[in-house]
Structures are given as structure tokens and as C-alpha cells.
Colleague: 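Pasting a structure below so you can have a look.
Residue numbers start from 1 in every chain, and the chains themselves are labelled A, B, ... in the order their sequence lines are given, proteins ahead of strands.
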2 protein chains.
Amino acid sequence: MIDSFTPKQVAVALQVSESSVKRWCDQGAIRTDRTLGGHRRIPLPFLMEFLEATNRRLVDPSAIGLDPTDLVFGHGSSMRQKQSLVTEEPAMLTQFEKALLAGDESTCRKIVSNWFAMHGGITSLADNLLSAAFKSIGDRWQCGTVEIYQERRGCEICCQLIHELRRLLPEPPGNAPLAMGGTASGDQYQLPNQLAEIVFRENGWRTISLGTNIPFASLLSAARKHMPKVFWLSVSHIENIEQFVVDYNHFAKNLPKGVMLVLGGQALNEQVRPSLSYSAHCDSMLQLANLARSARGSLQPKAGHI
Amino acid sequence: MIDSFTPKQVAVALQVSESSVKRWCDQGAIRTDRTLGGHRRIPLPFLMEFLEATNRRLVDPSAIGLDPTDLVFGHGSSMRQKQSLVTEEPAMLTQFEKALLAGDESTCRKIVSNWFAMHGGITSLADNLLSAAFKSIGDRWQCGTVEIYQERRGCEICCQLIHELRRLLPEPPGNAPLAMGGTASGDQYQLPNQLAEIVFRENGWRTISLGTNIPFASLLSAARKHMPKVFWLSVSHIENIEQFVVDYNHFAKNLPKGVMLVLGGQALNEQVRPSLSYSAHCDSMLQLANLARSARGSLQPKAGHI
DNA sequence: ATACAAATGAACGAATTGAACGTTTTGAGT
DNA sequence: ACTCAAAACGTTCAATTCGTTCATTTGTAT
């Protein structure tokens, strides 16, 4: 996959004029590299940064090599006809779920990068594609029409893809606010935790993901050591509710002042939540993204000077 | 390791045309040596000089055998400090362990890509860097000088890096032999399983990683469905030995004929192994790589026609 | 509606880039 | 040492991009 693009390519992908792209580059709205001869080159991470900052979408992802073609029919023979790209969300979701269950990594990759490009961000990807797909797969599993290994293999694929996306995001600057988080003992679900991390990253935070299945004592220790501005806790599974509530509240109470505690996850239903004390709760990655944006702004009094 | 490159190699690594590289050489932008016959040779130091001067990075480091250190500078971060990386193995291991414990992802990335470049493969990386580091960290954890979250955060970082490496490997052709594997119920250790997968990939296999913590029944179901040539089982932790032995042997017995069962992992000590029936056991990724090579050759009777 | 400011998109000569091509050098095998 | 295919040489040339200017569209306050 190509790593950087010319203004013209970007212009086609965004469906704006080349002049505008060049101007945006020169204004600094799009960070830009230059060739030795002075030609502009726009690396993908910078483009993503711009998309996110301006809430834009790639109208034509194929212009920059994100190829949505033949998602329907796999690596076929010499198929001439480009099957009309499936770009409606429900159809993509169905295809994605199918590819996940089949273990078809490359198709999953295409759909994910396509979705990512079209919506310009990870938040929508997480809420509307990944979560939706696994929710549906989970339902099917309970019906017995899906094997455990299929669900798990799908997680593996998503884990890989998320790590690829994460690598595409620009490195956060050293003075960015710090978010830290993970899952507690007994919770092995990686995906939601990974997603939480890159949502923060996408919104300009430095992040430390502590991983899954970590005792509250060690979570606390990490928080005290690094003093993050936000601590996220992803809760997808609770083994022993009473124990969890006790341990959690002890953790929350001993968290240093100034650390904002954010909760999220399926397992936090109406029964559990009232027993917990926290700064914020998120039902979706969209909420988390909004929180990340506002917390970043409000808690950073150091107003930039340009 | 080679220390100077042709314009073509550099062109691929930078993802520009060969013409441009040649022109830059002639303009003096890249200092260049010449062979007696007049061919350009670009020593690594000169290339690095150029990258520094123009704030570039290698888009495809593998084109020049993956590259050492600070070429991997993120996008535009104006970090100038060159922290000279050591190149002797023991020192690198120490640095890596330190970086892992500190949660310093970018330093870990540098060391990993450096090691990968120097040894030209994942096998040595897995056995001599990653395994060694986590073994040492494990020891320190038992001594109480390392926190759980540090170890877990290190795993997260390695997981990310392995996925990045995996993405660098070429897609296996559709007719490549298939290897499949995972870990059984109760075993949550991802790293060894991931490493097993990319060792197969590196040696030209198609792979399906089923993930961790999967019941034997589902493993069996997956094997029957896809009929891999090799099934690997990574065993880093066993909760109940007797139960494991029973379930495992039932699994091994019912595995389709022609599927080679390969075992590996810390938890398979002298006590457990005699009770298990298997095709092969590997103490290291090197052994697994050798097995992958020989099994690939022997089981593919389709002799090339050249 | 009108006027004015700001942003967008088109046009143009000058400059850069990347592909093509015939010739020469390199490196591996005999 | 000799042979030969693969790769690199230097050069040319079409296509693309640069920076600039100017007409047009969009947004907003009078």
C-alpha cells in the first residue's frame, strides 16, 4: 500500500479541486512533506489527521489505493466486470460479518480500510462495524449456528487490523495529555480495550494500554506511577459481581485526585452501575471520542500561541 | 549485513522512482560512491544522512534488509536526539527489556526492527530477543521487582509489533500448505501463539490462527473443517493437568489422518509430555521453523517444472 | 436585495518527476 | 579466465506538479 499521495490524488479522493488541496497544504491544514524538487507529498497519517480535524470523508477511496472492488467475489479469475461496489452500510456490515466468520482476513481488511476511509475515523468503524458484527456473531453463537473458534478467529483478525490502523495514526506529540487503561481481573476481552485506546489516540492523546486481565492493585499502581489525565476501564465480563464492586470501588477511591475515571463495556448493566463511582460512563465509542475531545480541551490550559 | 545499496534498492525503500534517486545522487543531495565501472553505490551512513537532512523515512525498509534505528522517526516529530542504539546482542536484549518495562513502544520498535534486520528473520527474534526478555521479566516478577501491569503492558507492545511484522511478510500464495493452531481452554498467552503463526508464514505457509483459550472441541471442529497440513498447539499454561491430558488426547485421537500435530510451550514439562501423543514437539521457534521448512517440502510432491 | 469578505476552482508557463531505451557494467557459474 | 543474464548506466521525453493570477462561488452583515 502506498504511503503518501500527491495533491491531485487527494483532490480526487476528496472530490475537491487540486488548488484547494494545495492551498490547504500551504496553510498548514494538511501537514505536507516535500520532494527534493518541491513537489508536495501527503502521507496517509497526515491525511487521516486532516480528515478527522475537519470532519471530512473520502468520497472516492479508490483514488488513493483503498480499493473497494470485488469485495463480493473473492480472488476470482479474470473477472472483467467490476461488480458495483457495495457501499451501503448494511450491505458492508453483512459482508464483513460473513468474511469474519469465514476467516477471510484480506476481505475484512478491505472492508475495514474502506469504512475507515469513507467515514474518516475509527469511532464509526468501532461502533457501527466492529461492535455490530460481533454483537450479531454473539447472537448466532447462542443459537448454535456459529462455532467458538469462528468467533475467536474473528477476534484475532480484528486485533491484527486494529493494530494496523493504530500504526497509521500519527505519533502523538510528547506534550499531549495521557490516557491509560485496561481491563480488570477476569476480563479477557481485548477488542474493546484496543478500540478505546485508538479512539484516544485518534483524538490526539498519548496512550498507555495496560492490557487485559490485570488486578485492580496493579492498575492502581500504574495510574499512580504515570498520573494519566484519564483512566479508562473496559468491562466486558465480570466473574464475581460482589467482588468486582468491592475491588473496583477501592480502586476508584484510591485513584489520585485529578485522574478522571471513565467506564465502558457491555458488562456494566443497570444492576452493576449504580454500585460504582466513576467520573463518566460511555455506551459507545462515539461517546468516548466526544469525551476525549472535550477533556483534552478543557484540561489543557496551555493555549497554543498560533 | 550489507552496508551500501544500489539506486534501485533505495528507490524501492523510499517509494520514489529510480530516476529520482539517480538525479538526487548527481545533484549531491545523496552522497554517493562509485564502483570502478561507474555504478552508484549508496552507503548506509550516507543514506541516513539524506533521510535526516530531508526529514524522510523509509517507506519500505525491507527493501534494504530492514533498517537500523532512527530511520523510523515518526511523522514530523522534531525529535533530534539520537539515542545511539547498541548493536551487540546482550546489550540489545538488556535495552529491550528495559524499554519493555518502561512501556517505551518506539524504542522497542527500533530494537525489534534492528534485530530483525541483523538476523534477517523472525525466528531469531522470537527465540533470542522476545522469549529471553519475557523470561527475564518473569523472573523479576517473582522477585517482586516488577509489577504485573508492566509485564502485561510489555505483552501489549509486543503484540502490536508482531502484527506490524506480520504485515510486512508477503501474502502466501493460495496453493501454499495450510497451518492452523491456537491455544486450549485456560491458556490466555497470545504471544507464543502469534509467534508460531508468523514463523509458519515466514516459511511460506498459509496460516489460520484460531486465537487463545479455545475448547478442544472447537479446535477439533476447525481442524476438520479446514484440514490443515499442520496443526500447532501452543501450551503456555495448564489449569488442570489431568483434565488437559484427557481432553488433549481425545483431541489428538480424533484429529483427521494426515494432519500433523505439533506441540510447543513452557507448560509442556517432563511431567506432562509423556502422557501426550503428538507428531512433533518444539522447544524453540528455531525448531518450529525447521519443521515448517521440511514439512512444507516433503509434503508437497508437486516438484517444480524448471 | 446589495455589498463585501472569504473561500474555491480554473488557467498558465516553468519546473520536476518517472518511464523508456540502447549501451555498459556486474556478478555468478562453468 | 570466460560466458551470459541481470542490473545499472546516461539520456531523452511525455506527463505531472509547481507557484501564481484571476474569475467564480459561498457566507454574512448591512
Colleague: Rounded to whole angstrom units, what separation is found between the NZ atom of B:K22 and the P atom of D:dT12?
Modeller: 13 Å

Colleague: Give the intermediate values and the outcome of side chain to side chain contact (heavy atoms under 4.5 Å, CB included) for residues B:L51 and B:L14.
Modeller: CA-CA 10 Å; B:L51 292 172; B:L14 294 178; 3.8 Å; yes

Colleague: Rounded to whole angstrom units, what separation is found between the CG atom of B:D26 and the P atom of D:dA8?
Modeller: 15 Å

Colleague: Ring centroid separation for A:W115 and A:F96, is it under 6.0 angstrom?
Modeller: no

Colleague: Rounded to whole Å, please give me the gap between CD in A:Q9 and P in D:dA15.
Modeller: 18 Å

Colleague: In terms of ring plane angle, is the pair B:W205 and B:F200 parallel, tilted or perpendicular, where the classes change at 30° and 60°?
Modeller: perpendicular

Colleague: I need the B:L125 CG to B:I111 CD1 distance, nearest 0.5 Å.
Modeller: 11.0 Å

Colleague: Under a 4.0 Å threshold between the charged nitrogen and the carboxylate oxygen, would A:R166 count as salt-bridged to B:E105?
Modeller: yes

Colleague: Can you name the residues that form a salt bridge (Lys or Arg N to Asp or Glu O under 4.0 Å) with B:R201, not counting sequence neighbours?
Modeller: none

Colleague: Going 5' to 3' along DNA chain C, which nucleotides are the first and last within contact of chain A (any atom under 4.0 Å from a heavy atom)?
Modeller: C:dT8 to C:dG18

Colleague: Does B:D26 pair with B:R34 as a salt bridge, N-O distance under 4.0 Å?
Modeller: yes

Colleague: Establish, from distance only, whether the side-chain atoms of B:Q194 and B:H163 form a donor-acceptor pair under 3.5 Å.
Modeller: yes

Colleague: Specify the separation, in whole Å, of atom CD of A:E18 and atom P of D:dA15.
Modeller: 17 Å

Colleague: Which comes earlier along DNA chain D counting from the 5' end, the contact point of B:S19 or that of B:K8, where each point is its nearest nucleotide?
Modeller: B:K8

Colleague: Would you jot down, in residue-number order, the residues of residues 31-41 of chain B having a non-hydrogen atom under 4.0 Å from DNA chain C?
Modeller: B:T35, B:L36, B:G37, B:H39, B:R41

